[in-house]
Amino acid sequence: MARWCYRHRLVVLLLWVGALFGLGFSASTAGTNYANVFSLPDTDSKSAYDLMEKAFPNTSGDTDTVVWKVDGGSVRDQAVRDRIRPVLDAIAKKPGVGAVASPYDARGAAQVSKDGTIAYAQVTFVKRANEVPKELVQDVVDTAQGADRAGLQVELGGQAIQRVQEPPQGLSEGVGIVAAAIVLFLAFGSFFAMTLPIAIAVFGVGTGLFATQLLSHTTDVPDIAPLLASLIGLGVGIDYALFIVTRHRRGIQRGLEPEEAAATALNTSGRAVLFAGGTVCIALAGMLVTRLRFLDGVVIGTSLTVVLSVLAATTLLPALLGFLGPRVLSRRQRRRLAAQGPEPEGASGLAARWSTAVEKRPRRIAALALVFMAVLAVPVLSLRLGATDQGNDDGSTTTRKAYDLLAEGFGPGFNGPLQVVTEGGETSALVKGLENTPGVARVAALPPAQGVTVIQVVPTTSPQSVETDRLIDRLRDDVIPKSGVEAHVGGVTAVSKDFSTVTGDRLPLFIGTIIGLGFLLLLVAFRSLVVPLTAALMNLIAAAASFGVLVAIFQWGWGLELLGLGREGPINAFLPVIMLSLLFGLSMDYQVFLVSRMHEEWVHTRDNARAVRVGLAETSRVINSAALIMVCVFMAFVLSGDSGAAVAGVGLAAAVALDAFILRTALVPAAMHLLGNANWWLPGWLEKRLPHLAVEPKEEPAASPDGARAESGPASAVHGFVRTVDGEPVEGAAVTLLSGGGRQLDRVESLADGSYIVSVPAPGTYLLATTAPTYGSRARQVVVGEGPLVYDVELAEGGVDAVN
C-alpha cells in the first residue's frame with residue numbers, strides 16, 4: 001500500500017483534499033447539533049429532575065444573571081434605579097430574550113441583599129446556553145455593562161455569558177501547531193520535513209472534527225467532544241507522522257532510494273502506528289463501561305479523529321514523501337550523503353551514551369525514577385471529585401466577579417441552591433425540618449405546579465464545600481425520612497455530588513477494563529507475559545503521578561495563578577475517566593514504539609541486554625521529541641477558555657512528560673535489564689493458542705531448516721579479530737552467529753589477541769553480533785561462500801549498533 005500511495009501520490013493527495021473540503025462544506029451547511037445529554041439513572045437527583053420537568057416543562061431556556069453593587073447608599077436609591085431600569089428594559093426587548101426578572105418589580109424584594117448594596121436580575125433566554133447566538137449574548141453583556149460607572153459595579157454570570165468570554169475558536173490549536181512546528185524544525189533541521197507531521201495532523205483532525213459535527217445530527221455528541229478530539233488528534237497525528245518520517249529519513253541516510261525508504265518506514269514504523277492507534281481507540285472505548293451517556297459522544301468524536309489521523313499517516317504521508325523525495329533531508333544532510341556516502345547503521349551521541357548508562361546502573365536508575373514518581377503521586381491521596389463552576393474562573397472575568405458578588409450579598413450557598421422536590425402530600429413538616437437543619441441558610445417553598453412542590457434550600461456553605469456534600473447526605477438520610485414525606489434532593493450541586501459518587505464507584509471497573517484490554521493486545525503483539533505486565537504497572541504509576549500533579553495545581557492551588565486558570569477547587573468528576581482513557585492510550589503508544597524496536601532486536605539476536613540497549617538508543621530521541629510536541633499541544637489548551645479542557649491539557653501534558661522522560665526513558669529499560677530474558681517469557685501452551693499479530697514486518701522465509709538463506713554446500717567458518725578503533729585487541733568479546741530468523745548457531749569469546757572463529761553450517765547469509773562490556777556492541781550481516789570467511793570486527797567505546 002505504501003508503494004502504491006508513493007507512486008500515485010497526486011491521486012492520494014487529491015482524494016484527501018476532496019475529503020477535507022467535502023466534509024467541511026457539508027458540516028458548515030448542516031451546522032451543529034451538539035447535545036449535552038447528562039443522565040444519571042437510579043440517582044436521587046435524577047428523580048428530582050424528572051419531577052421538576054413534569055411540573056415546569058417550559059423552562060428549558062438558559063437563565064443568566066445581571067448583578068450590580070453600589071459603593072455607597074443603596075441599590076434602591078432613585079439614581080441607581082434610573083440607571084439600571086432602562087438597561088433591564090432594553091435587554092428584555094432583545095429578540096431571543098424571554099423574560100427579565102427585576103428586583104424593582106413587585107416580587108423582586110428577595111433579589112436585594114440585606115444591606116441593600118447588592119442586587120441581581122435574572123435574564124431568561126428562549127434557548128439553551130449552547131444554542132443562544134453569541135452575538136445576542138455579547139449584546140446583552142455590552143448593554144448591561146453600559147450602566148457601569150464610578151460607584152456602581154455591574155457584572156454578569158451564567159452559562160451563556162461564560163461562552164462569550166472564551167477565546168476565539170482555534171486559538172489553542174493554532175498555538176499548539178506553532179509550538180509543534182518549532183520542535184519539529186529543531187529535530188529535523190528541514191522545513192519540508194517539519195511540514196509533513198503538521199500536514200498529517202491538520203488533515204486528520206480536520207476531517208475528524210467535520211465528521212463529528214455531521215454525526216452530532218444523528219447521535220448525542222456533547223459540545224466538549226470536538227475540543228477533546230482536537231486535543232488528542234493533534235497530539236497523535238503529529239507523533240505518528242514523526243515516527244514514520246524519522247524512520248524514512250534514516251533509511252535515506254543509510255543509502256536507500258526514497259521510495260524504498262518510504263516502503264520500509266511504513267512496513268516498520270507504520271505497523272507500530274496502526275497498532276498504537278488501535279490501542280488508543282480501545283482505551284477510549286473503555287469509557288463505555290462506565291455507562292455514562294455524557295461520555296458516549298466523547299468516545300465517538302475522539303476515536304473517529306484518531307482513526308482518521310492513523311489513516312492519514314499511513315496513506316497521505318507516503319504520498320507527500322513521494323513529492324519531497326530526498327528533500328525530506330536538510331541541505332546539509334544531502335550534501336553529506338553525496339560526499340561521504342551512506343551513514344553506518346547504529347545509534348550514537350547522547351542517546352547511545354544514556355542507553356549504555358542505563359545498562360550499567362539499572363538498579364540505581366530504577367530506584368531514583370520510582371522515588372521521583374512516588375513523590376509526585378503523594379497528592380493523589382487527597383483527590384476530591386466534584387464539579388467546577390464560575391467561582392473557579394479567572395478573577396478578571398465578569399462571571400467570576402458576578403459569582404463573588406452574589407456570594408458576598410446573599411451568602412456562599414446562593415450560587416448552588418438545592419431543590420427538594422416532592423409530589424403531593426403535606427409539606428409543612430418538611431419545610432420546618434429543613435429550616436431547623438444546621439447548614440441551611442434559607443428555605444423557600446414555591447407554589448405547587450402539576451401536583452409537584454419545589455422547596456429551594458440555600459446552604460450556608462459554597463457549592464464546592466465538603467460541608468455542602470454532608471448537608472445533602474443529611475437531608476437525604478435524616479431530615480426527609482423524619483418528615484414522613486417522599487422527597488428528592490436535586491439541583492446542580494446535588495447532581496454534581498451524585499455524578500462524583502457514580503464515577504468513583506465505576507472507576508475501578510473502568511481502570512480494570514482498559515488495563516486488561518491493553519494487556520491482551522501487548523501479549524499478542526510481543527508474545528510475552530512480562531512486557532504487558534510491566535506496561536500495565538507503568539501506566540498505573542504514570543496515572544498516579546499525573547493526578548498528583550493535578551491535585552497539587554488545581555485542588556491545592558500550587559502555581560494556579562501563574563497559569564491564569566482561576567481559583568482552586570475539586571477535580572471535575574468526569575475528568576479521571578477521560579484523562580485515564582487518553583493517558584493509557586498514549587502510554588501504550590510509547591510502550592509500543594519502544595518495545596517493538598527492542599522486540600525486533602531480540603528476535604534477531606536473542607540477547608536481552610543488547611535488545612534493550614539498542615531499542616532505547618534508537619527510539620529514546622524520537623520518543624522524547626514526540627513527547628515534547630504533545631506537551632506543547634496539550635499545554636496550548638490552557639488557552640481554550642474551557643476549564644475542563646484546560647485541566648485535561650495540563651494533566652495530559654504532565655502525564656506525557658513523566659511517561660516519556662522518566663518511565664520509558666529510564667524506568668522501563670532499567671526494569672527490563674533487571675528482568676533479563678524473563679522479559680520475553682511465554683508458556684509454550686499459551687504460545688500455541690495465541691493469534692499472531694505482527695507489529696514488526698515478517699521475516700523473509702528461510703530457504704533452509706536452520707533459517708539462513710543457505711545454499712547447498714559443506715560447513716564452513718567465519719574467523720578474524722576483534723579490535724578497538726585504535727587497533728588494540730579486545731579479549732573476552734562475545735561473538736555470536738545467528739540465522740536470519742534469529743536462532744543462535746554458535747557463540748565464542750575472543751582470545752587474548754582478539755582472535756575468534758565460529759562455525760557455519762552451510763553457505764548463506766547470517767548475522768554476526770559482537771558484544772564487549774566496555775566497548776558496546778556491533779552487528780552485521782555476513783555472506784559466507786564455499787570457503788571460510790575472514791571478517792574483522794572493530795568496536796568503538798560506548799557504541800551501540802543495531803542489526804537492522
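Just so it is clear, the structure is predicted and the values come from calculations on it, not from any experiment.
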Between the CZ atom in Arg747 and the CG atom in Asp607, the distance rounded to the nearest 0.5 Å is 6.5 Å
Side-chain heavy atoms of Val530 within contact of Trp680, under 4.5 Å: no
side-chain contact (heavy atoms from CB on, under 4.5 Å) between Trp602 and Asn679, intermediate numbers included:
CA-CA 10 Å; Trp602 165 258; Asn679 285 306; over 6 Å; no
When rounded to the nearest 0.5 Å, the distance separating CG of Leu274 from CG of Leu311 is 9.0 Å
Next on the checklist: Is the shortest side-chain heavy-atom distance between Ile238 and Leu184 below 4.5 Å?
Outcome noted: yes
Identify each donor-acceptor pair in which a side-chain atom of residues 506-523 lies under 3.5 Å from a protein atom, sequence neighbours left out, and give them as a table.
residue, atom, partner, partner atom, Å
Arg506, NH1, Thr290, O, 2.5
Arg506, NH1, Arg291, O, 3.4
Thr513, OG1, Leu509, O, 2.8

Heavy atoms of Ala180 and Ile629 approach each other most closely as CB-CG2, 3.6 Å
Given the options Arg250, Arg613, Arg610, Glu618 meets salt bridge (Lys or Arg N to Asp or Glu O under 4.0 Å) only with Arg250
So CG of Leu594 and OG1 of Thr619: to nearest 0.5 Å the spacing works out to 4.5 Å
So NE2 of His673 and CZ of Arg361: to nearest 0.5 Å the spacing works out to 11.5 Å
Practice prompt. Examine distances only and state if a side-chain atom of Thr279 and a backbone atom of Ala276 form a donor-acceptor pair shorter than 3.5 Å.
Written response: yes
In terms of heavy-atom contacts, Met630 and Val236 come closest through CE-N, 3.6 Å
Review point. Would a 4.5 Å heavy-atom cut-off, applied to side chains only, mark Thr534 and Leu675 as touching?
Key: yes
Phe593 meets the ring pair (Phe, Tyr, Trp, His ring centres under 6.0 Å) criterion, sequence neighbours left out, with Phe243
Measuring only between side-chain heavy atoms, which start at C-beta, is Arg621 closer than 4.5 Å to Thr246? no
- prompt: If we only count heavy atoms from C-beta on, is the Val614 to Met598 side-chain gap below 4.5 Å?
  reply: no
Heavy-atom nearest pair, Pro226 first then Leu209, reads O-CD2, 3.4 Å
On a heavy-atom basis, the closest approach of Val310 and Gly277 is CG2-CA, 3.8 Å
> Between Glu687 (side chain) and Leu682 (backbone), is there a donor-acceptor pair under 3.5 Å?
Replying inline: no
- Message: For a 4.5 angstrom cut-off between non-hydrogen side-chain atoms, does Val299 reach Ser581?
- Response: no
Check: Leu266 main-chain N/O paired with Ser269 side-chain donor or acceptor under 3.5 Å:
no
Between the CG atom in Leu284 and the CD1 atom in Ile578, the distance rounded to the nearest 0.5 Å is 10.0 Å
Closest non-hydrogen atoms of Ser309 and Gly237, given as atom of the first, atom of the second and distance, are CB-CA, 4.1 Å
Could you check whether any side-chain heavy atom of Leu242 comes within less than 4.5 Å of a side-chain heavy atom of Phe188, counting everything from C-beta outward?
yes
| said: Please check: side-chain N/O of Arg271 versus main-chain N/O of Asn267, any donor-acceptor pairing under 3.5 Å? | reply: yes
Name the atoms and distances for all side-chain donor-acceptor pairs under 3.5 Å in residues 541-551, with sequence neighbours left out.
residue, atom, partner, partner atom, Å
Ser546, OG, Ala542, O, 3.0
Ser546, OG, Ala543, O, 3.0

Nearest heavy-atom contact between Leu529 and Pro683 is CD1-CD, 3.7 Å
* Asked: Would a 4.5 Å heavy-atom cut-off, applied to side chains only, mark Asp469 and Arg384 as touching?
  -> yes
- Item | Exam field: side chain Thr771 to backbone Ala734, donor-acceptor pair closer than 3.5 Å | no
So side chain to side chain donor-acceptor pair (under 3.5 Å) across residues 228-243, not counting sequence neighbours, yields Glu173-Ser230, Asp239-Tyr590, Tyr240-Asp589
One should read off an interatomic distance between Ile244 CD1 and Leu196 CG, to the nearest 0.5 angstrom, of 10.5 Å
Exercise answer: donor-acceptor pairs, residues 656-668 side-chain atoms, under 3.5 Å, sequence neighbours excluded:
residue, atom, partner, partner atom, Å
Asp659, OD1, Arg664, NE, 2.9
Asp659, OD2, Ser587, OG, 3.0
Asp659, OD2, Arg664, NE, 3.4
Asp659, OD2, Arg664, NH2, 2.9
Arg664, NH1, Gln591, OE1, 2.3
Arg664, NH2, Asn539, OD1, 3.1
Thr665, OG1, Asn624, OD1, 3.2
Thr665, OG1, Ala660, O, 2.5

Those residues at least two apart in sequence (or on a different chain) that pass side chain to side chain donor-acceptor pair (under 3.5 Å) with Trp556 are Ser382
